[in-house]
A.B. asks: 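Before anything else, here's the structure in question.
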Amino acid sequence: MENGLQIPAFDSTKGRKLFASKGCVVCHSVNGIGGEDAPEFAAEYMDDPMNAFDFAAKMWRGAPAMIAMQEDEMGGQIELRGDELAAIIAFVHDADEQAKFSQADIPHT
């Protein structure tokens with residue numbers, strides 16, 4: 001904790017699971033798996049080093065369109081806690097963890 005702020009862990013393995021289970025994969029893709037309605041989240045296209053707060057700010061700027069798409073595609077808005085968002089951001093930046101992502105990660109509904 002610094003200056004009274006707590007920064008959650010950036011756990012890319014947890015992020016890989018959340019990317020699929022939370023529904024990000026409906027619109028975004030990794031390894032050619034997932035939707036095509038939103039930008040691909042391949043680590044090779046991410047800034048290195050990547051500022052997680054800039055990534056979150058970009059999500060915030062796109063929130064109205066993203067929420068509308070979530071409601072249309074999934075019937076409701078995705079809910080994320082701070083630790084879950086940190087994990088997804090870590091996954092988006094981790095090429096090694098992305099290499100493990102497959103159809104098997106997507107839960108069957």
Side-chain angles (χ1 to χ4, degrees):
M1 185 173 329
E2 184 174 319
N3 298 323
L5 298 173
Q6 182 179 11
I7 306 295
F10 288 92
D11 182 341
S12 59
T13 300
K14 179 180 174 183
R16 177 171 49 90
K17 296 171 186 171
L18 288 168
F19 179 78
S21 68
K22 287 290 189 172
C24 306
V25 71
V26 171
C27 297
H28 297 277
S29 65
V30 168
N31 294 339
I33 300 164
E36 298 176 354
D37 294 333
E40 178 181 4
F41 276 166
E44 66 186 278
Y45 302 126
M46 299 298 151
D47 293 337
D48 190 16
M50 185 172 93
N51 182 318
F53 293 103
D54 285 343
F55 185 91
K58 187 173 184 179
M59 286 180 64
W60 178 261
R61 288 190 301 274
M66 201 165 31
I67 291 167
M69 195 173 294
Q70 291 168 11
E71 289 173 346
D72 183 53
E73 295 286 336
M74 298 181 293
Q77 183 178 350
I78 294 173
E79 297 287 332
L80 293 173
R81 297 185 318 260
D83 65 307
E84 292 172 328
L85 180 56
I88 290 169
I89 290 171
F91 171 65
V92 166
H93 190 261
D94 187 337
D96 292 335
E97 194 61 39
Q98 286 187 355
K100 300 174 189 175
F101 187 69
S102 71
Q103 286 290 144
D105 287 296
I106 301 172
H108 300 285
T109 53

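All figures in this text were calculated on a predicted structure; none of them were measured in a lab.
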A.B. asks: Are Y45 and M59 in one and the same hydrophobic cluster, where Ile, Leu, Val, Met, Phe, Trp and Tyr link if side-chain heavy atoms are under 4.5 Å apart?
C.D. replies: no
A.B. asks: Could you walk me through whether E97 and T13 satisfy the side chain to side chain donor-acceptor pair (under 3.5 Å) test, starting with their C-alpha distance in whole Å, then the side-chain angles of each, then the deciding distance to 0.1 Å, before giving a yes or no?
C.D. replies: CA-CA 6 Å; E97 194 61 39; T13 300; 3.1 Å; yes
A.B. asks: Kindly indicate whether the side chain of F55, heavy atoms from C-beta on, has any atom under 4.5 Å from the side chain of H93.
C.D. replies: no
A.B. asks: Can you find a pair of side-chain heavy atoms, one from E40 and one from V30, that are under 4.5 Å apart?
C.D. replies: no
A.B. asks: For S21, check side chain to side chain donor-acceptor pair (under 3.5 Å) against everything at least two apart and list the hits.
C.D. replies: none
A.B. asks: Show the nearest heavy-atom pair for residues P8 and A86, with the distance to one decimal.
C.D. replies: CG-CB, 3.7 Å
A.B. asks: Between D105 and R16, does at least one N-O distance fall below 4.0 Å, as a salt bridge requires?
C.D. replies: yes
A.B. asks: Closest heavy-atom contact between A43 and A95?
C.D. replies: CB-N, 3.5 Å
A.B. asks: Are L85 and M74 joined in one hydrophobic group, where the rule is that I, L, V, M, F, W and Y side chains link up if heavy atoms are under 4.5 Å apart?
C.D. replies: yes
A.B. asks: Decide yes or no for S102 and N31: does some side-chain heavy atom of the first lie under 4.5 Å from some side-chain heavy atom of the second?
C.D. replies: no
A.B. asks: Distance from D11 atom CG to K17 atom NZ, nearest 0.5 Å?
C.D. replies: 8.0 Å
A.B. asks: Can you check whether I78 reaches M66 side chain to side chain, under 4.5 Å on heavy atoms?
C.D. replies: no
A.B. asks: Quick one, C27 and E73 - any side-chain contact, counting heavy atoms below 4.5 Å?
C.D. replies: yes
A.B. asks: Quick one: closest heavy-atom pair of F101 and A20, and the distance?
C.D. replies: CE1-CB, 4.2 Å
A.B. asks: Drop me the distance from I67's CD1 to Q77's CD, to the nearest 0.5 angstrom.
C.D. replies: 4.0 Å
A.B. asks: Which atom names give the shortest non-hydrogen contact between I33 and V25, and what distance separates them?
C.D. replies: O-CG2, 3.9 Å
A.B. asks: Within the supplied structure, the quantity of interest is the number of heavy atoms (other residues, nucleotides, ligands) at a distance under 6.0 Å from E36 CD; does it exceed 12?
C.D. replies: no
A.B. asks: Examine M46 and F53 and state if one hydrophobic cluster contains both, with Ile, Leu, Val, Met, Phe, Trp and Tyr joined whenever side-chain heavy atoms are less than 4.5 Å apart.
C.D. replies: yes
A.B. asks: Below 4.5 Å, heavy atoms only, C-beta onward: do M69 and V26 meet side chain to side chain?
C.D. replies: no
A.B. asks: Output all residues satisfying salt bridge (charged side-chain N to carboxylate O under 4.0 Å, His left out) with D83, sequence neighbours left out; order by chain, then residue number.
C.D. replies: K14, R81
A.B. asks: For K58, what residues pass the salt bridge (charged side-chain N to carboxylate O under 4.0 Å, His left out) criterion, not counting sequence neighbours?
C.D. replies: none
A.B. asks: Atom SG of C24 and atom CD of E84: how far apart are they, to the nearest 0.5 Å?
C.D. replies: 9.5 Å
A.B. asks: Please find out if less than 6.0 Å separates the ring center of F91 from that of F41.
C.D. replies: no
A.B. asks: Drop me the distance from D94's CG to I89's CD1, to the nearest 0.5 angstrom.
C.D. replies: 13.5 Å
